[in-house]
Participant: 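Sharing a structure here in structure tokens format.
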Amino acid sequence: MDTKTGKVRSALVVGGGIAGPVTAMALEQAGIKATIFEAYDGPAENVGGGMGLSPNGVQAFDAIGVGDAVRAVSTPTNGLVLHSWNGKTLARFGTLPGIDPTRFVMRAELFGALRRAAEERGISTVYGKRIVDASEDADGVTARFEDGSTATADVLIGADGLRSTVRRLIDPAAPAPQFAGTAGFGAMVTVTDVPATEGWMHMTFGKRCFFAWQVFPDGTGIWFINLPVPQPLSVSEQRERGAAYWLEHLRQMCADDNTPAARMLAATDPETMLFAGSAENMPLPTKTSRVAWSRGRMVLTGDAAHAPSSSSGQGASLAAESAVQLARCLRDLPLPQALARYEELRRPRVERIIKETARTNSRKAAGPVARVIRDALLPTMFKLAKPESRAWQFRYPIDFDAPVA
């Protein structure tokens with residue numbers, strides 16, 4: 001800590017997923033020495049399926065000089081096409097005028113690009129360090145890990161995801177994530193006879209599951225399914241039953257829908273199938289109930305602070321935005337004021353996005369009656385909604401060098 005200004009000079013970043021490397025790189029750009037501590041024994045190179053990167057997120061990556069690396073592993077999309085189970089088009093969302101397209105990326109590819117960029121900048125990641133506790137005094141904050149080791153710095157940043165341990169340390173009364181009623185599956189396919197989708201991601205609200213697919217000009221493609229399940233289903237439980245079981249089960253669940261699911265599933269190599277476990281959401285914030293983002297020398301970012309619906313396409317993008325803004329605040333302001341200003345800058349925006357996207361997962365798990373109502377109302381709702389009304393989500397340029405007031 002700079003004794004004259006009260007500004008931080010070192011940071012412990014807990015969590016080595018997407019938010020961790022982005023936060024560490026933003027801190028390094030702000031002149032703050034950062035070290036990443038990851039609970040697992042090595043990098044999670046092959047974890048997760050496909051995801052959307054909204055243009056606001058790419059702008060945040062640009063602010064710390066990794067935008068081109070992200071573009072290199074992602075593909076621009078023309079937009080989304082929503083269908084009902086019988087093939088009827090419910091809505092089409094194209095790229096808004098003056099806004100860059102949303103990009104599609106496999107989580108493993110995004111993680112790899114960010115990890116390599118962090119390594120190139122000399123940022124260290126220490127693996128096998130699962131945080132269990134933290135203590136602080138006037139000189140700093142000390143993290144204690146499961147193996148008995150410790151680490152000390154000026155500030156501790158929890159970028160440890162939806163099931164954040166740091167969130168519990170900051171706010172023991174913080175609510176736990178809630179089961180959203182679906183489990184996720186997906187795969188890349190290298191050969192398919194399904195026609196190319198010309199840059200559009202197609203999504204179908206099926207009778208018994210939600211199916212999405214995109215086929216690229218070279219014939220390769222991606223699919224993912226959100227399957228309603230009565231109780232949470234972990235990744236290990238999915239893997240125990242095996243890919244062959246799930247491919248057949250998913251084929252049956254999609255059999256009544258007018259989609260290319262059968263052909264996409266038949267083209268899937270079981271060895272490459274991706275399991276995402278159950279979808280979970282943090283309870284929506286209310287005026288009287290909000291997760292505390294900081295306490296003393298500890299602060300949250302990414303999904304640990306604000307986890308939008310997995311269907312929002314904003315998870316990684318909001319994490320990148322928050323990482324950049326947190327770094328700017330810590331660079332320019334003494335610690336207590338920095339954390340307060342960070343929350344002022346971020347809470348209104350992320351909570352608005354979370355509230356506006358929270359209904360999507362419930363639509364995926366709709367029952368027979370709710371499905372009929374949904375499919376009848378959605379076309380009218382989308383026609384009445386002005387596309388420009390969504391533009392605020394995707395316009396969030398950050399001038400990293402501008403001082404934080």
Side-chain angles (χ1 to χ4, degrees), residues 1-2 5-38 57 59-67 69-70 110-111 113-127 129 131 134 136 139-143 151-161 164 166-167 170 293-306 316-343 345-346 398-404:
M1 181 80 75
D2 188 315
T5 64
K7 297 176 184 178
V8 304
R9 289 291 178 260
S10 61
L12 311 176
V13 179
V14 176
I18 300 297
V22 179
T23 301
M25 286 188 284
L27 291 169
E28 288 283 345
Q29 187 164 310
I32 300 168
K33 180 65 176 177
T35 303
I36 302 170
F37 294 85
E38 168 56 45
Q59 290 173 355
F61 289 126
D62 280 332
I64 57 170
V66 294
V70 170
L110 176 62
F111 169 75
L114 296 174
R115 180 179 62 81
R116 290 189 294 271
E119 289 177 350
E120 290 170 358
R121 299 181 186 198
I123 296 171
S124 298
T125 299
V126 186
Y127 294 101
K129 297 296 181 181
I131 190 171
E136 57 184 90
D139 297 323
V141 57
T142 298
T152 301
D154 294 335
V155 65
L156 188 156
I157 300 171
D160 49 342
S164 169
V166 179
R167 181 173 61 231
I170 290 174
W293 283 14
S294 65
R295 178 172 65 82
R297 293 176 177 268
M298 296 187 290
V299 62
L300 302 175
T301 193
D303 281 356
H306 46 70
S317 295
L318 292 182
E321 289 180 3
S322 288
V324 174
Q325 294 290 41
L326 175 59
R328 294 179 63 239
C329 290
L330 290 172
R331 177 194 65 195
D332 294 345
L333 300 171
L335 183 60
Q337 292 94 326
L339 300 187
R341 182 59 178 146
Y342 161 65
E343 194 162 340
L345 286 172
R346 297 301 296 152
I398 303 173
D399 182 351
F400 193 91
D401 295 330
V404 177

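Only heavy atoms go into these numbers, but all of them, side chains included; no hydrogens, no water, no symmetry mates. Each residue takes its place number in the sequence, starting with 1.
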Participant: Can Arg115 and Glu119 be counted as an ion pair, charged N to O under 4.0 angstrom?
Facilitator: yes
Participant: Could you list the residues that satisfy ring-ring contact (aromatic ring centres under 6.0 Å, His included) with Phe37, not counting sequence neighbours?
Facilitator: Phe145
Participant: Roughly how far, to the nearest 0.5 Å, is the CG atom of Leu156 from the CD1 atom of Ile131?
Facilitator: 5.0 Å
Participant: Taking atom OH of Tyr342 and atom OG1 of Thr301, what is their separation to the nearest 0.5 Å?
Facilitator: 3.5 Å
Participant: Distance-only, no hydrogens or angles: does the Gln29 side chain make a donor-acceptor pair with backbone N or O of Val324 under 3.5 Å?
Facilitator: no
Participant: Hey, could you give me the CZ/CZ distance between Arg328 and Arg341, rounded to the nearest 0.5 Å?
Facilitator: 9.0 Å
Participant: Between CG of Leu326 and CG of Leu27, what distance do you get to the nearest 0.5 Å?
Facilitator: 6.0 Å
Participant: If you look at every heavy atom in Ala151 and Leu12, which pair is closest and at what distance?
Facilitator: O-CD1, 3.3 Å
Participant: Is there a donor-acceptor pair under 3.5 Å between the side chain of Glu28 and the backbone N or O of Ala34?
Facilitator: yes
Participant: Are any non-hydrogen side-chain atoms of Val299 and Val166 less than 4.5 angstrom apart?
Facilitator: no
Participant: Is it the case that the side chain of Arg297 and the backbone of Asp154 share a donor-acceptor pair, with hydrogens and angles ignored and the cut-off at 3.5 Å?
Facilitator: yes
Participant: Quick check: closest heavy atoms across Lys7 and Pro334, and the distance to 0.1 Å?
Facilitator: CG-N, 4.1 Å
Participant: Between Leu114 and Val70, is there a side-chain heavy-atom distance shorter than 4.5 Å?
Facilitator: yes
Participant: Tell me every residue that passes side-chain contact (heavy atoms from CB on, under 4.5 Å) with Asp401, counting only those two or more places apart in sequence or in another chain.
Facilitator: Asp399
Participant: Determine the minimum heavy-atom distance between Pro21 and Ala118, stating which atoms define it.
Facilitator: CB-CB, 4.4 Å
Participant: Minimum heavy-atom separation for Ala304 and Gly158, please, with both atom names.
Facilitator: CB-O, 3.6 Å
Participant: Quick one: NE2 on His306 to CG on Leu318, what's the gap to the nearest 0.5 Å?
Facilitator: 6.0 Å
Participant: Distance check, rounded to the nearest 0.5 Å: Ile64 atom CD1 versus Arg121 atom CZ?
Facilitator: 6.0 Å
Participant: With sequence neighbours left out, what residues match Ala305 under side-chain contact (heavy atoms from CB on, under 4.5 Å)?
Facilitator: Trp293, Leu300
Participant: Of all heavy-atom pairs between Gly57 and Ala320, which one has the smallest distance, and what is that distance?
Facilitator: O-CB, 4.2 Å
Participant: Are Val141 and Thr152 packed together at the side-chain level, in the sense that at least one heavy-atom pair is separated by less than 4.5 angstrom?
Facilitator: no
Participant: What pair of heavy atoms forms the shortest contact from Thr23 to Ala323, and how long is it?
Facilitator: OG1-CB, 3.5 Å
